[in-house]
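As structure tokens, the structure follows; a few thoughts come after it.
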Amino acid sequence: MATGEPVGEDLARATTLPASWYHDPMIYQAERERVFAREWLLFAHESMLADAGDYVAQSVAGWPVFVLRGRDGTLR
């Protein structure tokens, strides 16, 4: 579909996920294991860890993650 063309029939055939999938704990667990655990995810920008001893701690898809800039400059 080119920009500016009406959606019409395409929109009429569109579907969405079942509403229950947005709050079902089993779906969330499956997404964590099959999507988020297998892909690289943005955790923090490197500028947030500019100096030795800088760290960021937060949760990513329910897993606790901690990143630290070491004295040697390496991210761990």
Side-chain angles (χ1 to χ4, degrees):
M1 173 184 316
T3 305
E5 290 183 21
V7 252
E9 292 179 26
D10 289 336
L11 186 58
R13 290 193 313 261
T15 61
T16 64
L17 297 172
S20 63
W21 287 21
Y22 292 97
H23 56 84
D24 184 312
M26 297 301 292
I27 297 293
Y28 176 64
Q29 185 61 32
E31 287 177 346
R32 284 183 70 208
E33 294 171 3
R34 297 182 187 139
V35 178
F36 298 109
R38 296 180 180 195
E39 299 295 330
W40 285 97
L41 302 171
L42 177 63
F43 177 72
H45 192 275
E46 189 174 6
S47 65
M48 297 171 68
L49 301 148
D51 301 315
D54 287 350
Y55 68 91
V56 176
Q58 58 183 324
S59 177
V60 177
W63 289 292
V65 180
F66 180 88
V67 177
L68 168 75
R69 173 77 66 185
R71 289 182 187 149
D72 61 357
T74 301
L75 290 175
R76 295 183 173 81

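Heavy-atom neighbours of F43 CZ from other residues, nucleotides or ligands within 6.0 Å: above the threshold of 12. Residue H23 qualifies as enclosed at atom NE2: its count of foreign heavy atoms under 6.0 Å is above 12. Around atom CZ of R76, more than 12 heavy atoms belonging to other residues, nucleotides or ligands sit under 6.0 Å away.
For Y28, there are no ring-ring contact (aromatic ring centres under 6.0 Å, His included) partners two or more places apart in sequence or in a different chain.
Taken to the nearest 0.5 Å, the CE atom of M48 stands 12.5 Å off from the CZ atom of R69. Residue I27 holds its CD1 atom at 8.5 Å from CZ of R34, rounded to the nearest 0.5 Å. Note that CZ of R38 and CZ of R32 are 14.0 Å apart. Values are rounded to the nearest 0.5 Å.
The shortest heavy-atom contact between D72 and T74 is OD1-N, 3.0 Å. Residues G70 and A52 share a closest heavy-atom pair of O-CB, 3.6 Å.
No continuous path of hydrophobic side-chain contacts links L68 to W63 [ILVMFWY only; heavy atoms under 4.5 Å]. Linking Ile, Leu, Val, Met, Phe, Trp and Tyr whenever their side-chain heavy atoms come within less than 4.5 Å puts F36 and V56 in one cluster. F66 and L41 sit in two unconnected hydrophobic clusters of ILVMFWY residues. Membership requires side-chain heavy atoms under 4.5 Å apart, directly or through other members. Clustering ILVMFWY residues whenever any of their side-chain heavy atoms sit less than 4.5 angstrom apart, transitively, puts L49 in the very cluster that holds V65.
A distance-only check finds a donor-acceptor pair linking the side chain of D54 to the backbone of A50 [under 3.5 Å].
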Please lay out, stage by stage, how Y22 and L17 fare under the test side-chain contact (heavy atoms from CB on, under 4.5 Å). CA-CA 8 Å; Y22 292 97; L17 297 172; 3.9 Å; yes
